[in-house]
Amino acid sequence: NGTLPLNNEYIAHYDTEHRATIIPILYPALHRNSKNHWNATVHSLTFNIIKMFMEMDADLFDTVSKQHNETEESEIASRAQRQSLWHKLEQITSHQMNGVVMSNGDDVHEEERKEDDVPEGKDKPVGMEG
């Protein structure tokens, strides 16, 4: 169990001296365990460690907690944006596979295209000359 070494007196002393480095590293795992871990013992040990860090340096713990929350919110927003972009890309691909051509933002079905609708700089297919 990853939380047991913190019960060691030497480790606890080391944590106190280097808390500015250790708390930001451990906080994400502690936060995740406190919210989602299924094992009651791990849950209990996690809260004990959180309590120890809070008593050790409340200001640092609050700062790390806020930074973690901001990072999570930013990751959630980025994930939502990526998901939205993938959805749009899937729609475009689906439209193109179903014979819809995107032209200047307008959807045009292939059967609605005129013979003269050849992009500039492109030759008309053989047999399509007016």
May I have the list of side-chain donor-acceptor pairs in residues 76-87 shorter than 3.5 Å, sequence neighbours left out?
unit_1	atom_1	unit_2	atom_2	d
Ser78	OG	Ser74	O	3.1
His87	NE2	Gln91	NE2	3.3

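Remark: His43 engages His37, Phe47 in a side chain to side chain contact (heavy atoms under 4.5 Å, CB included) (not counting sequence neighbours). With sequence neighbours left out, Phe61 forms a ring pair (Phe, Tyr, Trp, His ring centres under 6.0 Å) with Tyr27. Residues meeting the side chain to side chain donor-acceptor pair (under 3.5 Å) test with Gln67, sequence neighbours left out: none. Here Thr93 pairs with Leu89, Met97 under the side chain to side chain contact (heavy atoms under 4.5 Å, CB included) rule; sequence neighbours left out.
Between Gln96 and Ile92, some side-chain heavy-atom pair lies under the 4.5 Å cut-off.
Rounding to the nearest 0.5 Å gives a distance of 9.5 Å between OG of Ser44 and CD1 of Ile49. Note that the CD atom of Glu55 and the CE atom of Met52 stand 9.5 Å from one another [nearest 0.5 Å]. In this structure, Met54 CE and Ile23 CD1 are separated by 10.5 Å, a value rounded to the nearest 0.5 Å.
Nearest heavy-atom pair, Leu30 versus Thr46, reported as atom, atom and distance to 0.1 Å: O-CG2, 3.3 Å. In plain terms, the two heavy atoms of Ala20 and Leu60 that are nearest each other are CA-CD2, 3.6 Å.
Pairs engaging residues 57-75 under the salt bridge (charged side-chain N to carboxylate O under 4.0 Å, His left out) rule: Arg19-Asp57 [sequence neighbours left out].
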